[in-house]
Amino acid sequence: MLQKFPAFAGVPGPVVVIVMDGYGIPKHDVGSAIDAARKPTLDRLFAKYPNIRLRAHGTAVGMPSDDDMGNSEVGHNAIGAGQVYAQGAALVANAIAEGAIWQGEAWQQIVAGAKAGRGVLHFIGLFSDGNVHSHIDHLKAMVVQAKAEGVKTVRIHALLDGRDVPETSALDYVVPFEAFLRDISTGGFDARIASGGGRQTITMDRYDANWPMVERGWRTHVLGEGPQFANATEAVNGLRERNPGTIDQDLPEFVIAENGNPIGTIEDGDSVVFYNFRGDRAIEITRAFVEENFTEFDRVRTPRVTYAGMLQYDGDLQLPKRFLVAPPAIKDTSSEWFSKSGLAQYACSETQKFGHVTYFWNGNRSNKFEGETWQEVPSDVVPFEQRPWMKAAEITDAMIAALQSGQYKVLRCNYANGDMVGHTGNFRAATMAIEAVDLALSRLLPAIDAAGGVALITADHGNADEMFELDKKTKQPAQNKDGSFKAKTAHTLNPVPLVLYDNVSGGRLDLTQTDTAGLSNIAATVANLLGLQKHDTWDESLLNVK
Ligand SMILES: O=C(O)[C@H](O)COP(=O)(O)O
Ligand SMILES: [Mn+2]
Ligand SMILES: [Mn+2]
């Protein structure tokens with residue numbers, strides 16, 4: 001049970017945390033869909049209510065360096081847990097730098113498994129240095145080590161990114177990596193890219209949104225079905241020619257073949273490492289490999305393999321059982337402690353972000369704490385630039401109903417729009433995404449007033465705030481030769497807002513801007529608004545009671 005907070009007895013109604021996914025504070029108005037959007041509700045919030053800036057990237061959310069952008073996993077982990085843990089990206093980099101990963105039982109079983117079979121080790125994962133789901137340097141280190149430990153054949157199944165890195169940068173990774181693989185393939189060792197495709201087309205679905213995407217990945221990587229090319233460089237060039245204007249994340253699948261035979265199907269006795277460290281988009285394909293009674297799609301053939309994830313992706317489900325690096329041990333989350341303090345909690349988002357406000361929020365656990373209600377609004381399966389409003393209205397309906405029920409003391413939701421539409425690189429659609437969130441807030445806030453509650457309105461990281469790539473030197477929006485701007489699909493390094501929407505305290509409550517204020521300060525702030533002290537392990541509250 002959390003102790004009472006002496007300075008403030010708590011607001012009469014509920015405390016609502018609203019995450020506007022991908023809503024950063026822009027540095028430039030050029031290229032900011034947030035500046036371009038008509039957003040009277042947000043404008044009024046920033047003009048009339050206490051608001052500060054929070055750090056949402058780099059070391060403030062457990063990333064290895066301040067050059068790393070934030071992302072949903074680390075952002076929601078920090079908000080929900082009220083603490084900063086060294087995250088997957090940092091844990092894996094350290095385990096490799098120190099060599100601890102090679103001493104681990106999981107790596108040894110992967111190598112032993114491959115050697116006992118045909119000698120084939122497969123790596124499947126996101127093929128970039130985005131450091132959101134994976135890092136290509138981790139893959140490189142594992143290929144080098146596999147050779148040193150006597151594995152004969154390595155096959156890589158490369159998911160093209162263009163979502164955490166520039167939108168058509170695939171060849172910047174594929175060309176040098178294929179050269180590296182050619183150089184290291186000596187003395188009977190043979191390492192090649194064997195299949196792949198755009199990350200939004202195959203394999204990396206999340207939250208059960210689109211299983212056919214995972215099935216397509218299985219058929220590509222495991223069964224070797226798909227358009228054939230001689231190598232991955234030719235595949236990327238060929239697929240671009242056949243699909244003009246398609247950005248990397250949306251490219252179709254490809255298979256590398258020799259004389260019509262795929263070079264890297266996955267067979268009995270092989271070892272498979274899924275080398276993403278982040279779990280949301282790793283869980284479905286992992287289930288396809290490890291579940292005996294799997295019914296989500298017809299696997300056609302189920303090779304008996306030694307399978308490992310880079311991390312364990314779900315602590316409650318222990319998925320997968322074998323993993324190369326231990327995930328951050330996230331403890332004492334706000335959901336757990338509000339639950340132990342007897343508070344009923346409500347969490348809502350649409351499918352694309354549902355796990356963000358539940359599983360990520362609760363420290364990468366898929367089980368609820370007592371007194372939690374989780375509501376998922378099914379997302380459409382469409383390119384989101386075609387529906388930038390997404391399910392903002394339906395999430396708002398659900399939140400209003402939950403507020404009106406009077407059952408919940410702590411509520412949270414995530415509006416996916418700024419992020420999911422920001423990732424498409426479509427500027428016009430991204431402004432509409434922000435406008436949809438603004439409209440949703442204009443409906444939700446009066447319901448919070450009616451319930452005697454307050455809201456903290458924030459974001460997990462930026463995205464729609466920078467829709468054009470920045471020039472590396474000038475940090476200004478970069479232009480193509482013809483004067484047009486280069487579309488940007490990735491997150492940003494910008495801070496995010498924290499607004500306190502409070503019409504109940506009579507002006508007693510304010511927010512304190514500190515140099516280090518970040519997402520991990522939100523949990524303690526919520527506790528204080530509830531009239532409770534923070535848990536000892538949480539970072540400081542930003543609430544200032546006058
Ligand atoms: O998985 C994704 O869609 C992107 O890599 C990161 O976006 P998110 O961190 O906002 O989910
Ligand atoms: Mn996000
Ligand atoms: Mn995102």
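The first residue in the sequence is number 1, and the count goes up from there. These values consider heavy atoms only, across backbone and side chains, with no hydrogens, waters or symmetry-generated copies. Every number for a ligand or one of its atoms is a count from 1 in the order of the listing.
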Problem set entry | Numbered atoms and elements of ligand 1 in range of Asp21, under 4.0 angstrom, heavy atoms | 10 (O)
Exercise. Does ligand 1 have an atom under 4.0 Å from some heavy atom of Met204?
Worked result: no
Exercise. Going by an N to O cut-off under 4.0 Å, is there a salt bridge joining Arg299 and Glu291?
Worked result: no
Exercise. Just how far is it from atom CD1 of Ile124 to atom NE2 of His157, taken to the nearest 0.5 Å?
Worked result: 5.5 Å
Problem set entry | Qualifying residue, where the test is side chain to side chain contact (heavy atoms under 4.5 Å, CB included) with Ile457 and the options are Leu445, Val16, Leu500, Leu498 | Leu445
Exercise. When the ring planes of Tyr23 and Phe46 are compared, do they come out parallel, tilted or perpendicular, using 30° and 60° as the limits?
Worked result: parallel
Seminar exercise, completed: For Asn71, the ligand 1 atoms with a heavy-atom partner under 4.0 Å come out as 9 (O)
Problem set entry | Proximal ligand 1 atoms for His461, defined as those under 4.0 Å from one of its heavy atoms | 10 (O)
Exercise. Has His461 got an N/O/S atom less than 2.8 Å from the Mn ion (ligand 3)?
Worked result: no
Problem set entry | Subset of ligand 1 atoms that lie under 4.0 Å from at least one heavy atom of His491 | 6 (C), 7 (O), 8 (P), 9 (O), 10 (O)
For this session: Enumerate the atoms of ligand 1 whose separation from the nearest heavy atom of Arg199 is less than 4.0 angstrom.
Result: 1 (O), 2 (C), 3 (O), 4 (C), 5 (O)
For this session: Output the list of atoms in ligand 1 that are nearer than 4.0 Å to some heavy atom of His133, sorted by atom number.
Result: 1 (O), 2 (C), 4 (C), 5 (O)
Problem set entry | Cation-pi, Phe180 ring and Lys140 (6.0 angstrom, 45 degrees) | yes
Problem set entry | Of Asn276, Val92, Leu91, Val273, the residue whose pairing with Met310 passes side chain to side chain contact (heavy atoms under 4.5 Å, CB included) | Val92
Exercise. Is the distance from the Mn ion (ligand 2) to some N, O or S atom of Ser72 under 2.8 Å?
Worked result: yes
Seminar exercise, completed: the Mn ion (ligand 2) has as its nearest N, O or S atom from Asp460 the atom OD2
Problem set entry | Closest approach of Ser335 to Phe369 (non-hydrogen atoms, all atoms of both residues) | CB-CD1, 3.7 Å
Problem set entry | Presence of N, O or S from Asp21 under 2.8 Å of the Mn ion (ligand 2) | yes
For this session: Specify the protein heavy atom at minimum distance from atom 8 (P) of ligand 1: its residue, its atom name, and the distance to 0.1 Å.
Result: Ser72 OG, 2.9 Å
For this session: Select the closest option to atom 11 (O) of ligand 1 among Glu73, Arg278, Met420, Arg281, judged by heavy-atom distance.
Result: Arg278
Exercise. Is the number of heavy atoms from other residues, nucleotides or ligands within 6.0 Å of CZ (Arg443) greater than 12?
Worked result: yes
Problem set entry | Under 3.5 Å: N/O of Asp460 near N/O of ligand 1 | no
For this session: To the nearest 10 degrees, could you say what angle the Mn ion (ligand 3) makes with NE2 of His491 and NE2 of His423?
Result: 90°
Problem set entry | Aromatic ring proximity Phe354/Tyr359, centre distance under 6.0 Å | no
Seminar exercise, completed: Taking only non-hydrogen atoms of Arg206 and a 4.0 Å limit, the atoms of ligand 1 in range are 1 (O), 2 (C), 3 (O), 11 (O)
For this session: Mind checking the CG-OH spacing from Asp129 to Tyr173? Nearest 0.5 Å is all I need.
Result: 3.5 Å
Exercise. Can you tell me how far the NZ atom of Lys353 sits from the OG atom of Ser379, to the nearest 0.5 Å?
Worked result: 9.5 Å
Seminar exercise, completed: One finds that the ligand 1 atoms under 4.0 Å from a non-hydrogen atom of Arg163 are 2 (C), 3 (O), 4 (C)
